[in-house]
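Read the numbers this way: they start at 1 and go in the same order the structure lists the ligands and their atoms.
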Amino acid sequence: MTSDLFHGFEPPAPRREDMAEGAVLLRGKALETEDELLGALAAIEEKAPFRHMVTPGGFVMSVAMTNCGEAGWVTDLSGYRYDRTDPLSGRCWPPMPAPFMSLAVEAATEAGYPDFRPDACLINRYEPGARLSLHQDKNERDFANPIVSVSLGLPAIFQFGGLKRTDPVRKYALHHGDVAVWGGPSRLFYHGIPALKEGVHPKAGAARINLTFRGAL
Ligand code: MD6
Ligand code: FE
């Protein structure tokens, strides 16, 4: 008989989960630096506020976005692309804060991508009801770079499929502090986030924040 059973403890959740070849989930990886991350985010928002961008098809996105780093991901009626300037201000995006960069490099290294140095960070803010339909991340120049994705605030379901839109999807609950890294054979897998549930997070309020680090240029 194990003492765990005797005391009725749950076994600890695994810290590392493989989602697919090349794709791993590092549970709680961002918790150590959550306050630095959220503080740096507040400073970014002052210079480059969250905004609802328009897709090339003319739909307003339910997810609000901003960026930091040398380049930022933008969409408007003319298409999706990376741009060195914020179209709202006409100025450069705020630089990537040191705690963002260290977390991205550490997580990528743990996941088997030690050479990753992101030049762009797309920041997504979901309020209850906001969603991101199944898509591939394919506006980056070099798919040899993985993507590092940090979840903060309210939990969400992450749908992770395959190379074809119609491939079956697996679902992962992403919580505050979880970091997903994917690249290699799964770099172009379809993924999405169904409508965020209502809630309030003690550190982030009624929202989920997702930081995705990319090698864009
Ligand atoms: C999100 N993430 O988690 C949306 N893309 O809010 C993405 O679309 C994403 O998490 C590429 C790699 C990781 C991601
Ligand atoms: Fe994506």
Which residue and non-hydrogen atom of the protein lie closest to [atom], and at what distance in Å?
atom	value
atom 3 (O) of ligand 1	R208 NH2, 3.0 Å
atom 10 (O) of ligand 1	S149 OG, 2.7 Å
atom 2 (N) of ligand 1	N210 OD1, 3.6 Å
atom 11 (C) of ligand 1	D137 OD2, 2.8 Å

- Query: Checking side-chain contact (heavy atoms from CB on, under 4.5 Å) against I209, which of V150, N124, L41 comes through?
  - Reply: L41
- Query: Which value, rounded to the nearest 0.5 Å, describes the distance between S102 atom OG and M96 atom CE?
  - Reply: 10.5 Å
- N or O contact, W182 vs ligand 1, cut-off under 3.5 Å: no
- Message: Below the 3.5 angstrom mark, is there an N/O of H191, backbone or side chain, next to an N/O of ligand 1?
- Response: yes
So, [X] versus [Y]: side-chain donor-acceptor pair below 3.5 Å or not?
X	Y	result
H176	D178	no
S151	R208	yes
Q159	H191	no
E140	Y82	yes
W73	N139	yes

- Note on the structure: Looking at D137, the N, O or S atom sitting nearest the Fe ion (ligand 2) is OD1
- Query: So which bit of V63 gets within less than 4.0 Å of ligand 1, heavy atoms only: side chain, backbone, both or neither?
  - Reply: neither
- Item | Cluster check F100, L103: I/L/V/M/F/W/Y, side chain < 4.5 angstrom | yes
- With atom 6 (O) of ligand 1 as the reference point, say which of F213, Y190, Y126 has the nearest heavy atom. Y126
- Within 4.0 Å of some non-hydrogen atom of H135, the atoms of ligand 1 are 8 (O)
- For ligand 1, which atoms have a heavy atom of L132 less than 4.0 angstrom away? 4 (C), 8 (O)
- Note: NE2(H135)-the Fe ion (ligand 2)-NE2(H191) angle, rounded to 10 degrees, equals 90°
